[in-house]
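First up is the structure itself, then whatever we jot down about it.
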Amino acid sequence: MIIVKLGGSVITKKATPLTINREAIAQLATTLKESRVPLIIVHGAGSFGHYNAGRFGLDSGEETRNPEGIARTRDSVLHLNLSLTKILQESGLNIYSFPPIALYREGKLETHANKVITEIMKINLIPLTYGDVMLGENGFRIMSGDVIVRDLAILLKPERIVFASDVDGISEKPGKKSPILRELDRGMIHKLSFSKVRNDVTGGMESKVLEAMRIAGQGIDVFFTNGLRRDRLMKALKGEKDGGTVIRGFNYEN
Ligand code: IP8
């Protein structure tokens, strides 16, 4: 099984609030279908959730007590989820979508999540969940889809993880001049610098790379690929080189 994170930068037009990227979703749906790999999909909130979370000052680090902010952010995430599910479904992917709260209790992934996902996948349905405003241990907070991917990876030990965004992979510095790294290892992390995060309340690429390192530390390969490019996404799904940047799985003891 492979866990794919469909980043908000692929499925929405990040610079335009509340706008989905219909063409990109239809194209990636075809690639996902053609890959024929058993999938779990987690999607980001893009110009839906991040827009409203930003507008109402909700932050991933802190508990939030703004009922209108929570309601509006959730509403926009649900809207995106429904639109995405519909397009994936129309492309022939049989999606079973559910909110992450179905898997968590007091901010922690429950072990019964394993059974939920296994039962869904047993009959060739594709589990789909998403970054959301979640009820955690101490009230509501924004939970990034990246954190859900990390928690699911640790619980389910998939073959690999694919983070799909609108760039080809990770480079040492932001900007087009710095080439995409084929592989990234622990020792290189401190050398990386990231562009300033805009329209994103959960920390953008930097926090994604940190979550990816935690996943790789469980012995699972993590790929960063461009979800807008069919060839690259397909290679990453298949675990082939040139799919983007890969962080090879390792064990902390080594
Ligand atoms: O886009 C963020 O999820 P992400 C969730 O996966 C909300 O980081 C509600 C902004």
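In each ligand, atom 1 is the first atom listed, and ligand 1 is the first ligand listed.
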Element-labelled atoms of ligand 1 that are located less than 4.0 Å from some non-hydrogen atom of Ile142: 5 (C), 7 (C), 9 (C), 10 (C)
Per-atom contacts, ligand 1 versus Val77 - under 4.0 Å to a heavy atom: 9 (C)
Pair Thr225-Asp168, side-chain donor/acceptor within less than 3.5 Å: no
Contact check: Gly145 vs ligand 1, nitrogen or oxygen atoms, below 3.5 angstrom: yes
Ion pair check, Lys14 and Asp166, cut-off under 4.0 Å: no
Closest non-hydrogen atom pair, Val42 against Tyr130: CG1-CA, 4.3 Å
Those atoms of ligand 1 less than 4.0 Å from some heavy atom in Gly49: 10 (C)
Which segment of Val42 sits under 4.0 Å of ligand 1 when only heavy atoms are counted: neither
Presence of salt bridge, Lys208 and Glu206, under 4.0 angstrom: no
Carboxylate-amine/guanidinium contact Lys5 Asp146, below 4.0 Å: yes
Side-chain donor-acceptor pair present, Thr73, Asp75, cut-off under 3.5 Å: no
Proximal ligand 1 atoms for Gly44, defined as those under 4.0 Å from one of its heavy atoms: 1 (O), 4 (P), 6 (O)
Presence of salt bridge, Arg141 and Glu63, under 4.0 angstrom: no
Top protein contact for atom 2 (C) of ligand 1, by heavy-atom distance: His50 NE2, 3.6 Å
Arg74 heavy atom under 4.0 Å from ligand 1: no
Distance-only N or O hit between ligand 1 and Lys5, under 3.5 Å: yes
Ligand-residue contact atoms, ligand 1 with Gly131, heavy atoms, under 4.0 Å: 3 (O), 5 (C)
Protein heavy-atom partner closest to atom 8 (O) of ligand 1 - residue, atom, separation in Å: Thr202 OG1, 2.5 Å
